[in-house]
Structure formats: C-alpha cells, structure tokens
Amino acid sequence: MPDKEQFSQTLLEWFDRSGRHDLPWQQDKTPYRVWVSEIMLQQTQVQTVIPYYERFMKAFPSVEALAQATQEDVLSHWSGLGYYARGRNLLKTAKIVVEDLQGEFPQDLEGVMALPGIGRSTAGAILSIACQQRHPILDGNVKRVLCRYDAVESWSGEKNTEITLWQRADELTPEHRFGDYTQAIMDLGATLCTRSKPKCELCPVQKNCQAWLLDRVSDFPYAKPKKEKPVRETAMMIFLNEDRQVFLQQRPQKGIWGGLWSLPEMIPGELEDLIKSKVESRCDKEFNLIKWPLFKHTFTHYHLMIHPFFLDEILSVQMEGKWFTVSEALTKGLPAPIRKLIKQLESSND
C-alpha cells in the first residue's frame, strides 16, 4: 500500500477508536457552527475554546442571529479569548452571508476564502467537515505532524517550506471520509503529536515517522528564527468616582484591542507630570493616588509594560468615555489585562 494511503487509513482507524467525537462543534455540523469553531480554534486550544463556543452558540444560535448583533455584543462574548480581530471578522462575515448571500455560506473554496478572516486552511476545514468536500488543511497542528513525519529541515513559515507542506497535505488527504480525516489529523497534533512531550508511543503513524526513526522528534518542527521582541510602555489610569464607577473608553476599530473597552492611557512620564501638576493646583482637596504594580502583557510582536495608576478623581481632563459600575464593566468586551485590573477593583469592593 502506498505511503499516502497507509497514512490516511491508519489515521482514520485510530480516529474511529481514539479520536475526539464529543466536542460541541462536532454535534449538528453546519457550516455556521463549524465556521465559528474554526475561527475560535485559530491559535487557541480546544479546552479554552469549549466554554466560549458554548456561550457564543447560546447567544447567537444562527448566522442570522449573529448578523443582527452589535459589535459590542460579539466582543463581550469574545472577551478574554484574545486575537479580537477574529470576533470582529465573524460579525462582518455574518452580515455578508445574510445580506449578500441570502443566508447561505459559499460552497467553494474561493468563495469561503473571500470572507473576512478566513484563509485557505480554515476554508478547507469548514468545507471538508461541514460539506464533505475534499480539501487539505494546514493549521499549526497539521504543520507539526507533517514536519515530524517527513523530518522537514526548515522552519514551516518559510515560503518554500510552506508550499512543500501544502503539497504533502494534499497528497496525504484521502479520497473519502474528508471530514473525519480533517478532524483526525488535527486531533493527532492536538492530543499526541504535541509541541512538548509528544506521546510517540501511542502514535498510529509512528513506524513511518522520520523524526521517530531518526530519534530526533524533539528537533522538529524547526523553531521560528528568534527575533527579540521590542518593549513598549503605557500608563493606564484607573479612575473611580464617588459612586464606585470606573471610567472606560472604547478603543478605535483599527489597532490592538480594536473596538474593545479599555482604561484611558498616557505615556507614563506625561501622566505622572499631569497628576503632579493637578495635585499641586488643588491643594484644598485630598487625592487618593496609588501606583499599582507594573505588569507585562505579551503580544505576538511585542511586550507591553503596563503602569497602572489608581485615582479617585478624574482631574478634569477632557476625555471621551463612559462610567460603569465594576460589575457592568466586567460584562463589556475587555482586553485580558484590563479585565485583570478591573477585577482587582471588584475584589477591593468586597
């Protein structure tokens, strides 16, 4: 039996015996349900996604329901999941499907890829799982499996390497059970062929895995060439009024945390100078100024050092925003570090 047929057959047999079959998005497979799950699973682990997916489906059970939602509704259900452009793109796509495509998802690869936030691998996964079409996929789990199986001696993000991996992914995709195979190879990467501590002794395709045969499993896949991440700094102002309300601003649509609610920001030195001048000019009033501990939040391309300042006076600074009770604020779409800071306020209220 040719290697490619043996690979897919062995993998499918393993999936039937040991694969995951009870994940929420594996029930009642529709393009809508599969699409939402695939977007959530981009760069996010299954166990993290499950509760978000279940809450999202309860709030937006159909593409029509999602299309009618506001961005704030969607982002509040996405808060804490990260990579918020995914949530904004879900809403954009839902509106396109409902308003331009009569509520029907495209049934061809190019049509699905034309929708916001959907690349080739995600489009292939949606069509293979929900529509039983033959399309290879190449997400992070599959890249890791193929890089080890073929002992690929280069970083998977290099253009030529990626082209080779797509060719190999297509070659190994069988001519039947497209949806099961797609889920099987993703499962293999997620549960056995993991980034660290892979369970090679349980792997169904171990005997033909070149990394295993060479006793070099830990060498693959090659790591991305290291590049030092730059460090940026920001001061975040935690204003609390006499009604125990916190002041939040909605961020611009473009840039990090687009459309989410956040704390007012300034350059750290400028904020301290502003506070000092205001305090000196208002000597008749007591200010409760506390500098909270510095902490770091890491993005894909840089580290953000956050200097939080707590102040029970808004200093008459002209700013656009809204006051929310702490409990109200926690229902909004908030970036993870902002939620962390506001939760500290919540605990201080107890």
Side-chain angles (χ1 to χ4, degrees), residues 1-27 29 33-34 37-38 41-47 49-50 109 119-153 156 161-222:
M1 182 185 296
D3 171 56
K4 63 179 182 179
E5 292 181 17
Q6 186 177 37
F7 180 91
S8 61
Q9 181 175 316
T10 303
L11 192 56
L12 283 166
E13 290 172 356
W14 167 80
F15 180 68
D16 289 341
R17 293 191 312 272
S18 306
R20 296 177 294 188
H21 301 276
D22 57 354
L23 298 172
W25 45 87
Q26 292 176 322
Q27 319 308 316
K29 297 174 189 173
R33 290 175 57 83
V34 173
S37 72
E38 288 298 319
L41 288 165
Q42 290 172 352
Q43 305 185 63
T44 309
Q45 294 183 342
V46 166
Q47 291 308 311
V49 165
I50 287 174
L109 191 68
R120 179 181 175 186
S121 184
T122 300
I126 294 169
L127 290 173
S128 64
I129 295 171
C131 305
Q132 291 302 308
Q133 296 183 18
R134 185 188 183 279
H135 295 286
I137 66 163
L138 196 64
D139 68 356
N141 285 322
V142 177
K143 283 183 178 180
R144 186 167 56 255
V145 168
L146 297 184
C147 283
R148 285 176 175 157
Y149 191 73
D150 289 343
V152 176
E153 302 275 2
S156 62
T161 304
E162 192 163 19
I163 290 172
T164 299
L165 289 173
W166 269 114
Q167 291 172 341
R168 186 62 162 148
D170 186 43
E171 182 181 81
L172 293 174
T173 301
E175 298 298 330
H176 65 292
R177 295 187 66 185
F178 311 126
D180 287 345
Y181 175 81
T182 294
Q183 293 183 104
I185 195 166
M186 290 192 293
D187 255 17
L188 182 66
T191 63
L192 299 185
C193 194
T194 50
R195 189 184 308 275
S196 59
K197 299 181 181 178
K199 302 177 181 65
C200 296
E201 68 280 1
L202 300 176
C203 178
V205 295
Q206 175 212 88
K207 69 176 184 178
N208 290 322
C209 174
Q210 295 304 301
W212 170 262
L213 294 172
L214 294 168
D215 193 23
R216 293 180 56 200
V217 173
S218 61
D219 292 345
F220 302 98
Y222 275 25

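All values reported here derive from a predicted model rather than from experimental measurement. Along the sequence shown, residues carry numbers from 1.
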Are side-chain heavy atoms of [X] and [Y] found at a separation under 4.5 Å?
X: R144; Y: F220; answer: no
X: W25; Y: I50; answer: yes
X: I129; Y: K29; answer: yes

Heavy-atom pair with the smallest gap, counting every atom of [X] and [Y]:
X: V205; Y: Y149; result: O-CE1, 3.6 Å
X: R148; Y: P198; result: NH1-CB, 3.8 Å
X: L12; Y: P174; result: CD1-CG, 4.5 Å
X: A151; Y: Q210; result: CB-CB, 3.6 Å
X: I137; Y: A169; result: O-CB, 3.7 Å

Report yes or no: does [X] contribute a side-chain atom to a donor-acceptor pair with the main-chain N or O of [Y] at less than 3.5 Å?
X: R33; Y: P24; value: yes
X: S37; Y: V34; value: yes
X: D150; Y: V152; value: no
X: S8; Y: E5; value: yes
X: H21; Y: F15; value: yes

| said: Using a strict threshold of under 4.0 Å (side-chain N to carboxylate O), is an ion pair present between D170 and R134? | reply: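 Yes, R134 and D170 are salt-bridged.
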Separation of [Y] [atom2] from [X] [atom1] (nearest 0.5 Å):
X: C147; Y: D219; atom1: SG; atom2: CG; result: 12.5 Å
X: W166; Y: K143; atom1: CH2; atom2: NZ; result: 8.5 Å
X: L172; Y: L146; atom1: CG; atom2: CG; result: 6.5 Å
X: R216; Y: S218; atom1: CZ; atom2: OG; result: 8.5 Å
X: L109; Y: I126; atom1: CG; atom2: CD1; result: 10.0 Å

**Asked** Is it the case that more than 12 heavy atoms not belonging to E153 sit under 6.0 Å from its CD atom?
**Response**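 Count over threshold, so yes.
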Distance-only donor-acceptor pairs under 3.5 Å for side chains of residues 179-193, two or more places apart:
residue: D180; atom: OD2; partner: R177; partner atom: NE; Å: 3.1
residue: D180; atom: OD2; partner: R177; partner atom: NH2; Å: 2.9
residue: T182; atom: OG1; partner: S128; partner atom: OG; Å: 2.9
residue: T182; atom: OG1; partner: F178; partner atom: O; Å: 3.1
residue: Q183; atom: OE1; partner: Q26; partner atom: NE2; Å: 2.9
residue: D187; atom: OD1; partner: R20; partner atom: NE; Å: 2.8
residue: D187; atom: OD1; partner: R20; partner atom: NH2; Å: 2.8
residue: D187; atom: OD2; partner: R20; partner atom: N; Å: 2.7
residue: T191; atom: OG1; partner: D187; partner atom: O; Å: 2.7

